[in-house]
Amino acid sequence: MTGASKEEPFDGIMGRPDQDNAAREIIAAIWRSFNPLSLRNRSATVPRMGISTEKRFIYFVIPKAGSSTVRSVIDPYRDIKRPTDHFSEHVTIDRFLQSKHADLASRYFKFSFVRNPYDRLYSGFMQDFFAAYNLPHWEEAKRPIFDTIGEDFNRYVQDYAAKADVINDAYWICFCPMHKFTHRAGDCMMDWIGRNESLEADLRILAGRLDIEPGEIQRRNVRSKSDTPGRHLVNYRKKTIEIVNELYKDDFEAFGYELAKPSDFAS
């Protein structure tokens, strides 16, 4: 590997005097190598993954699964910061293992956090609705949809999310199946997985595993203090349950979340 030139954008790198050259070059190479998820009509920027060369961990960030709170705990130890204008930090395990940095996966502690799929998708819908009217670079992709359907969650899933490229299109990353970040060919590639439903307790367990100080844990980017799994099921219709159960069946199986019965929901 070679070091970064002076022209390269290292504004997100926390270059510390105590880092050795090998650690610095890992950071520089990761900065240069990952192509971000496609963002229509925007210039490319390079993602900062949740990696610490000091504490030797990789955080595979599943969107809408407590990531804002997790980041608040691990940020002091991360060598690469996330961009603030889009969500290109969400790198699937398959994509990471196909990169030239795949060897880090065998040497670093890999972790992620998961969430009840029904709650996660509804949270993703709410975020997309907010972004469509408040974040300029999301307007082109999302505002025409919400101008058409309003706040109709079921139409959003049925007519749009179910037909989108949720794995490769950054504007649909909140709907990417969770196992894409944690599993490969049916095998779990993580060393540890926490749950959004027990976020604070699991973060303290994680802090012990990483040998970091969690400090005071405060929930970030949340609209409700309730952690009851499936609390957003009241917003679902029968057809939406059928779609989610099929599209995310591997998530339900991999992480042990209970499937809802479509027959229990109104048409």
Side-chain angles (χ1 to χ4, degrees), residues 10-20 22-31 33-34 36-37 45-93 95-97 99 101-115 120 123 127 173-174 176 178 180-182 188-222 227 255:
F10 273 77
D11 57 295
I13 302 243
M14 297 166 59
R16 299 189 308 276
D18 60 315
Q19 285 178 325
D20 58 28
R24 287 177 175 272
E25 291 195 1
I26 287 174
I27 298 170
I30 291 173
W31 177 277
S33 66
F34 279 104
L37 297 168
T45 56
V46 183
R48 293 85 150 173
M49 288 191 65
I51 298 176
S52 171
T53 57
E54 176 189 5
K55 294 298 183 178
R56 302 178 69 83
F57 68 69
I58 306 175
Y59 173 30
F60 284 86
V61 186
I62 296 174
K64 310 313 299 178
S67 59
S68 294
T69 305
V70 177
R71 285 196 301 267
S72 72
V73 171
I74 69 171
D75 261 355
Y77 306 93
R78 292 204 298 172
D79 302 305
I80 303 176
K81 295 289 187 177
R82 70 184 289 272
T84 58
D85 59 348
H86 60 270
F87 307 106
S88 57
E89 69 175 341
H90 302 300
V91 177
T92 63
I93 184 65
R95 183 167 158 235
F96 187 86
L97 292 178
S99 78
H101 304 293
D103 67 302
L104 292 182
S106 63
R107 298 189 284 118
Y108 282 25
F109 184 84
K110 304 173 296 300
F111 68 91
S112 190
F113 278 78
V114 297
R115 184 180 186 182
R120 175 175 175 255
S123 180
Q127 175 173 290
I173 194 64
C174 290
C176 181
M178 294 185 292
K180 293 293 185 181
F181 297 92
T182 60
C188 182
M189 308 302 292
M190 298 294 104
D191 298 302
W192 186 88
I193 295 177
R195 293 181 181 271
N196 184 76
E197 293 80 13
S198 52
L199 186 57
E200 293 185 24
D202 284 357
L203 271 173
R204 296 196 181 281
I205 294 172
L206 175 65
R209 298 289 297 270
L210 299 180
D211 189 27
I212 66 176
E213 175 53 55
E216 182 181 357
I217 299 173
Q218 296 183 345
R219 296 294 293 262
R220 307 290 180 91
N221 193 26
V222 295
D227 292 325
F255 307 117

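The basis for the numbers below is simple: all heavy atoms, side chains too, and nothing from hydrogens, waters or symmetry mates.
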Problem set entry | Nearest non-hydrogen partners of C188 and I193, listed with the distance | SG-CD1, 3.8 Å
For this session: Over all heavy atoms of both residues, which pair between L97 and M189 is shortest? Give the atoms and the distance, please.
Result: CD1-CE, 3.8 Å
Problem set entry | Value rounded to 0.5 Å, distance of CD1 in I173 from CD in Q127 | 11.0 Å
Exercise. Do the non-hydrogen side-chain atoms of I74 and L203 ever get within less than 4.5 Å of each other?
Worked result: no
Problem set entry | Exam field: side chain R120 to backbone C174, donor-acceptor pair closer than 3.5 Å | yes
For this session: List the steps and the verdict of side chain to side chain contact (heavy atoms under 4.5 Å, CB included) for T69 and F113.
Result: CA-CA 11 Å; T69 305; F113 278 78; over 6 Å; no
Seminar exercise, completed: side-chain contact (heavy atoms from CB on, under 4.5 Å) filter on I205, not counting sequence neighbours, yields W192, D202
Exercise. K110: what forms a side-chain hydrogen bond (donor to acceptor under 3.5 Å, both in side chains) with it, not counting sequence neighbours?
Worked result: D191
Exercise. Within a strict 4.5 Å, meaning less than it, do heavy atoms of the R107 and L104 side chains meet?
Worked result: yes
Exercise. Who pairs with F111 by ring pair (Phe, Tyr, Trp, His ring centres under 6.0 Å), at least two apart in sequence or on another chain?
Worked result: F57, Y59
Problem set entry | Check: V61 main-chain N/O paired with R71 side-chain donor or acceptor under 3.5 Å | no
Exercise. Does R115 use its side chain to pair, donor to acceptor, with the backbone of G66 at less than 3.5 Å?
Worked result: no
Problem set entry | Side-chain donor/acceptor of Y108 to backbone N/O of S52, under 3.5 Å | no
Problem set entry | Test side chain to side chain contact (heavy atoms under 4.5 Å, CB included) applied to V70 and L199, step by step | CA-CA 8 Å; V70 177; L199 186 57; 4.0 Å; yes
Exercise. With a 4.5 Å heavy-atom cut-off, do F181 and T92 have their side chains touching?
Worked result: yes
For this session: Evaluate the side chain to side chain contact (heavy atoms under 4.5 Å, CB included) criterion for residues D211 and Y77: first the C-alpha distance (whole Å), next the side-chain angles of each, then the deciding distance (0.1 Å), finally the verdict.
Result: CA-CA 10 Å; D211 189 27; Y77 306 93; over 6 Å; no
For this session: Check M178 against I62 and note the closest heavy-atom contact, atom names and distance.
Result: CG-CG2, 3.6 Å
Problem set entry | Interatomic distance, F109 atom CZ to K55 atom NZ [nearest 0.5 angstrom] | 13.5 Å
Exercise. Are any non-hydrogen side-chain atoms of K180 and F60 less than 4.5 angstrom apart?
Worked result: no
